[in-house]
Amino acid sequence: MRALLEGTYRAALAAVSPEVLLKGHWKGDRPDFILAFGKAALPMARAALKAYPGVPTLIVPPAGTADLSAPPDATVMPGSHPVPDERSVAAAEEALRRLAALKEGQQALVLVSGGGSALLAAPHVVTLAQKQELTRELLRAGADISEINTVRRHLSRTKGGQLAQATRARVRALLLSDVVGDDMSVIASGPTVPDVTTFADALAVLERYGLAAPEARAHFASGTLDTPDALPNVTNTVVGSNRLLLEAAQKHLANQGVGSLILGDTFEGEARELARFHASVVRSVQAYGSPARAPVVLLSGGEATVTLRGEGVGGRNQEFALALALSLGRHGIYALSAGSDGVDGSSEAAGAFVTPDTLERARGLGLDARALLNRNDSGRFFARLGDALVTGPSGHNLNDFRALAIGW
């Protein structure tokens, strides 16, 4: 069963790879410049350059990506994620420079994927160090990606439509969504999308989490020029989403003769709370055959958050998995929770497996599952059990993948 769950995860990612998702979108005029940034920047750019060989291209992937090779017409400038650094700033400056050099009547093809907000950073008003610290504070406080991006786009020269505003050329943007609901203004902080949020919205996020950030607060209260609310030279198209990933998983399971049910792709909130909800659905299937009869694999997506209470190693998917095991107790099942990008928080794993005897094996190793969860140390818990899923960065980013197998 563990092999089936891992195989489903990998097969689903392959079925909705950037190259597959971008097929059918290579139409219209040949672009004069290609810009690709985000966790899927390299595979997206490689696919584009097969369709448009020889076009000058700038690619901004995460630093540490295993294969940074690209066609000779492309420049690769890795940036830092999830917290931007000087490399992210240099990449943003180069992107803005190249876009500004385009003339009216020319076209830029912009390929956007999750993670792009940190990888293409051009701080405005605040320093890079101040923006780095504010990002860390928002992450530690448990702010979701929409809230984080609301703050970041108003402290940037690229986010909230400002990247597209920097050029006179026409912009065609193709986006891979890593956000719940596929809101284009949230993907990578919406660099090519008109911004519906305001300084007041950004200030409200700081208030909600009690963050000082005096420089940011002063800017948000200044009433100076805000982000653009219209971009007539831009077309934006979402080409990939978490729902497509789950549907690919369901199709793979059907080919294996296994029934499945997609619970949804819009789950948000604390990983622990989501785990308790999923555990309640599992018990309903076990006791009443509702919302599906066992044996069945329940699939779900979305993006959980984690409020840091300790200094452990892990991420939202491993935290979900550990909380699920604790919530199920003696009603344990097989399950996998993993990030489609292959990276889960501060660990080297993409996620983790749960088995019916997870807690029993943990006790045999002297592991206190509850204590480890309380200090956000799910990564060490699953590493000790040998149940961490380590894939390395996938070159993709379509949010989270959860599969819960009931009745085996």
Is there a donor-acceptor contact under 3.5 Å linking the side chains of [X] and [Y]?
X    : Y    : value
T237 : H25  : no
T307 : E270 : yes
D357 : T355 : yes
D344 : S347 : no
N397 : D178 : yes
D341 : S394 : no
E147 : Y209 : yes
T75  : R98  : yes
Q132 : D85  : no
R402 : S300 : yes
N317 : D400 : yes

Expected output: side-chain [X] to main-chain [Y] donor-acceptor under 3.5 Å:
X    : Y    : value
S156 : P123 : no
Y52  : A47  : no
N149 : S146 : no
N236 : A173 : no
H278 : L274 : yes
S327 : A323 : yes
T358 : V354 : no
T158 : A121 : no

Any [X] side-chain heavy atom under 4.5 Å of [Y] side chain:
X    : Y    : result
M77  : E93  : no
D73  : T57  : no
L58  : I34  : no
V180 : V186 : no
S80  : S88  : yes
R30  : P53  : yes

- prompt: For residues 41-65, which residue pairs qualify under salt bridge (charged side-chain N to carboxylate O under 4.0 Å, His left out), counting only residues two or more places apart or in two chains?
  reply: E19-K50, R46-D67
State, to 0.1 Å, how close [X] and [Y] come at their nearest heavy-atom pair, and which atoms those are.
X    : Y    : answer
G301 : L246 : N-CD1, 3.6 Å
A216 : V126 : N-CG1, 4.1 Å
D183 : S185 : OD1-OG, 2.7 Å
A350 : Y9   : CB-OH, 3.9 Å
A304 : R316 : O-CD, 3.0 Å

- request: For the residue pair F199 and F220, categorise the inter-ring angle as parallel (less than 30°), tilted (30 to 60°) or perpendicular (more than 60°).
  value: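 The arrangement is tilted - the two ring planes meet at 30° to 60°.
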- prompt: What about H154 and H124, are their ring centers closer than 6.0 Å?
  reply: no
query: Considering residues at least two apart in sequence or located in another chain, which fulfil the ring pair (Phe, Tyr, Trp, His ring centres under 6.0 Å) criterion with F382?
result: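 None.
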message: Within a 6.0 Å radius of atom CD on Q256, are there more than 12 heavy atoms belonging to other residues, nucleotides or ligands?
response: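 Enclosed: over 12 neighbouring heavy atoms sit under 6.0 Å from CD of Q256.
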query: Is the number of heavy atoms from other residues, nucleotides or ligands within 6.0 Å of CZ (R361) greater than 12?
result: yes
message: For R153, give me all partners under salt bridge (Lys or Arg N to Asp or Glu O under 4.0 Å), at least two apart in sequence or on another chain.
response: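 Residues passing salt bridge (Lys or Arg N to Asp or Glu O under 4.0 Å) with R153: D195.
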message: So, applying side-chain contact (heavy atoms from CB on, under 4.5 Å) with L176, which one of L21, V16, L244 is it?
response: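 Going through L21, V16, L244 one by one, the side-chain contact (heavy atoms from CB on, under 4.5 Å) with L176 is satisfied by L21 alone.
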query: Does the ring of F353 carry R2 above it, NZ/CZ under 6.0 angstrom from centre and within 45° of its axis?
result: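 Yes - R2 lies over the ring of F353, closer than 6.0 Å to its centre and within 45° of its axis.
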